[in-house]
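For reference, the structure discussed in these notes is given below.
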Amino acid sequence: MKILCINDAVSRGGAASFTRAACNVLARHGNEVHFLYGLFSPTDKFSVAGHVEPGVTIRHVSELGPAVAQAFTHSGVTARVLGAEPIHQAIASLVRAEKYDAIYCLNLHEFFSIRLIPRLRAVFSGPLIFQVNDNDLFCLRKFNYIDEQRRACRECLTDPESAVRQSCWNAFGHDYFAANMANRREGYYRRAMEAIDAFLVTSEGSTEILRALGVPPERVVLSHNPLDVANFTPGPPGSYFVFYGMPLLSKGIEVLARALELAQIDAFHFYLLGDHPQLRDVLQRIAAARNFALEVRSDVTWQTGLFERVGAARAVVVPSQWDAPSEMVVSESVSLGRALVVSHYAARTPLVRENENALVFRADDPRALADCLTRLAADPALAAHFGQASRAIAARELASAKWHAIFLDALARAAANRRTAAGPHLLVSAIVSTYNAERFIRGCLDDLVAQTLYQRGALEIIVVDSGSAQNEKAIVAEFQKKNPNIVYLRTEERETVYAAWNRGIRAARGKYLTNANTDDRHHPDAFHRMAAVMESWAEVGIVYFDSAITQTENTTLERGPITGRFRWPTFDRQLLFQICFVGPQPMWRRSLNEQFGDFD
């Protein structure tokens with residue numbers, strides 16, 4: 001089987017370990033794996049070369065062509081999260097050329113962006129699996145942490161505009177927030193969720209979020225993190241505790257520092273990604289005040305001794321403050337036979353058994369974490385018992401053959417879901433741009449829901465409210481309560497009609513597109529007839545009809561009165577450069593926009 005694995009990150013962190021392990025396991029079981037990444041620079045490739053199986057081919061996205069290399073830039077958070085069109089086009093071309101049997105995605109935070117998933121679906125009809133590693137499909141920040149915000153986090157799934165302003169706006173970068181909100185407003189989250197055939201999840205928290213989002217249970221497969229650690233025989237627990245990885249607030253570094261001010265321990269080792277001099281200074285002051293030995297290193301990796309250091313620790317501390325899908329450090333530490341001290345978020349995985357291989361504390365309670373550390377510091381026998389239990393859990397849960405079997409189950413479900421999705425489907429997306437058109441919008445929507453194609457469930461209506469001062473929103477909401485497949489997008493500032501069309505097209509799911517102007521009306525069978533032409537003749541890119549004219553607002557073709565007609569000429573490519581003769585209501589293939597770009 002030929003599988004494309006796509007991940008923004010590769011050279012460091014849990015996501016990198018996760019992806020390398022997944023690719024290696026798939027390759028060991030006879031699959032050909034192409035591993036495409038893009039978050040870090042191409043020179044970071046050296047850190048994974050030599051650490052992957054022969055069946056894994058690693059490519060950086062900048063290798064896909066000059067335009068992609070130019071688009072690959074670290075300038076601007078917003079641009080990164082929204083993704084670059086040349087990158088998406090290049091990946092789509094790669095998928096067309098390579099004829100993959102399956103696509104496996106995770107961590108589409110930046111450069112690739114969540115917007116890549118609908119683009120993949122447009123060119124790939126096979127099973128598409130998404131690994132829920134970070135919360136980038138659900139959360140405008142990726143890391144939905146801090147207990148007081150849990151209610152807002154849940155509300156955000158259905159009403160992000162109001163919920164996030166209670167919690168996230170000032171708690172995370174405005175640029176990142178704004179870019180993700182744009183993805184949400186313009187329908188990319190929804191389209192991505194619909195395009196994914198199966199979700200691999202590693203925690204109960206992710207399962208709950210998917211359930212809240214309405215994802216059917218048959219599309220969700222519970223798994224553990226794939227693991228690819230060297231053969232290692234754990235020894236007795238040492239005297240020091242370990243924290244390793246990126247010292248983010250979401251990873252609990254602040255709570256851990258406060259706990260160290262209270263705990264009675266002999267030693268603590270930090271193995272960090274990147275240099276963090278301010279954190280080092282804080283930890284050194286705490287260690288001096290509390291009289292424990294401290295080591296803070298940023299130069300230790302799995303290839304340079306991290307296995308041995310973690311494998312000799314008293315316990316590994318995982319103080320996560322976010323509802324993590326599953327921390328990779330938990331899987332690695334369990335496989336190395338270590339005791340764990342984890343927050344209740346990090347404990348939401350079958351690998352953590354409270355009082356069997358781990359002590360668990362409330363994520364926002366540094367005193368409880370300090371008590372856990374003090375207890376294990378005073379009881380090496382308990383740490384050894386926990387470590388033995390971890391090793392037994394690893395033997396049962398973390399075998400690579402088991403993960404591969406779970407992946408195959410997800411693949412089978414994805415293929416089945418893809419076959420189901422290939423039944424009745426959205427064929428046409430009608431883009432309605434409105435600005436101060438309240439008097440027309442009800443008649444416009446009445447006209448569209450009366451289309452025979454809509455009655456068959458093959459038409460979606462996308463209303464783009466371009467900062468209207470009138471009440472179109474309430475009228476659209478009224479229709480949405482009674483009719484499926486009506487999408488409402490709004491911008492606070494007025495934009496041009498072509499910018500609004502482009503926005504609607506990006507949110508559209510149909511194979512064919514049409515603009516439905518608020519003051520235009522259609523024959524009830526118009527969209528069916530136009531789509532039928534393009535379904536029958538693949539070489540036809542656009543279809544248009546003659547138009548009837550009336551001076552009466554909100555009338556229909558049947559009621560009239562008709563006062564004139566536009567009879568458009570036969571298609572002529574050269575003439576189209578001089579005059580737009582395809583009428584006000586053409587229908588065209590979505591692939592034309594993908595080939596030639598947006599409207600100017």
Side-chain angles (χ1 to χ4, degrees), residues 118 121 157-162 184-195 212-216 420-466 468 470-491 500-501 503-532 535 553-559 584-587 590:
R121 178 48 71 210
L157 298 176
T158 55
D159 188 10
E161 295 276 1
S162 63
R184 184 75 66 93
R185 284 195 188 111
E186 295 174 24
Y188 284 98
Y189 280 82
R190 173 182 56 82
R191 290 176 60 200
M193 296 294 288
E194 292 170 350
L213 287 168
V215 175
T420 301
H425 62 288
L426 291 172
L427 193 64
V428 175
S429 296
I431 314 298
V432 181
S433 170
T434 181
Y435 175 77
N436 289 356
E438 180 180 353
R439 75 181 193 271
F440 293 119
I441 193 68
R442 184 178 299 278
C444 173
L445 294 177
D446 278 332
D447 176 76
L448 294 176
V449 299
Q451 285 290 307
T452 55
L453 206 63
Y454 185 85
Q455 300 301 317
R456 285 171 34 207
L459 169 68
E460 73 169 346
I461 302 164
I462 299 177
V463 180
V464 183
D465 182 339
S466 186
S468 176
Q470 296 181 357
N471 202 31
E472 292 98 323
K473 180 178 181 179
I475 297 172
V476 175
E478 178 186 329
F479 274 81
Q480 286 178 311
K481 291 178 181 178
K482 301 176 183 178
N483 303 281
N485 293 332
I486 298 179
V487 177
Y488 175 79
L489 307 175
R490 177 180 169 85
T491 60
W501 285 5
R503 188 178 300 277
I505 289 169
R506 288 193 291 269
R509 294 172 289 171
K511 183 178 179 181
Y512 307 119
L513 305 172
T514 184
N515 60 290
N517 306 313
T518 54
D519 58 347
D520 286 351
R521 304 294 179 260
H522 302 80
H523 186 281
D525 210 29
F527 289 171
H528 168 73
R529 295 183 188 181
M530 298 168 87
E535 287 285 272
E553 288 186 359
N554 286 313
T555 188
T556 64
L557 186 64
E558 291 77 12
R559 292 202 309 264
Q585 304 155 326
M587 182 179 293
R590 182 192 190 94

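The first residue of the sequence shown is numbered 1, and numbering continues consecutively from there.
Taking 4.5 Å as the limit, every side-chain heavy atom of Asn483 sits out of range of all side-chain heavy atoms of Leu445. Counting only heavy atoms from C-beta outward, the side chains of Val476 and Ile461 never approach each other to under 4.5 Å.
Residues satisfying the side chain to side chain donor-acceptor pair (under 3.5 Å) criterion with Asp446, sequence neighbours excluded, are absent altogether. Shown here are the side chain to side chain donor-acceptor pair (under 3.5 Å) partners of Thr518, two or more places apart in sequence or in another chain: there are none. Listed by chain and residue number, nothing satisfies the ring pair (Phe, Tyr, Trp, His ring centres under 6.0 Å) test with Tyr454 (two or more places apart in sequence, or in another chain). With sequence neighbours excluded, no residue forms a side chain to side chain donor-acceptor pair (under 3.5 Å) with Asp519. Not counting sequence neighbours, the partners of Ser433 by the side chain to side chain contact (heavy atoms under 4.5 Å, CB included) test are Val497, Ala500, Trp501. Listed by chain and residue number, Glu194, Glu460 satisfy the salt bridge (Lys or Arg N to Asp or Glu O under 4.0 Å) test with Arg509 (two or more places apart in sequence, or in another chain). Partners of Arg559 by salt bridge (Lys or Arg N to Asp or Glu O under 4.0 Å), not counting sequence neighbours: none found. Annotation: side chain to side chain contact (heavy atoms under 4.5 Å, CB included) contacts of Asp525 (sequence neighbours excluded): Thr452, His523, His528, Arg529. Scanning for side chain to side chain contact (heavy atoms under 4.5 Å, CB included) contacts around Pro524 gives Glu558, with sequence neighbours left out. Asp447 is linked by a side chain to side chain donor-acceptor pair (under 3.5 Å) to His522, counting only residues two or more places apart in sequence or in another chain.
For the 3.5 Å distance criterion, the side chains of Tyr488 and Glu472 fail to qualify, holding no donor opposite an acceptor.
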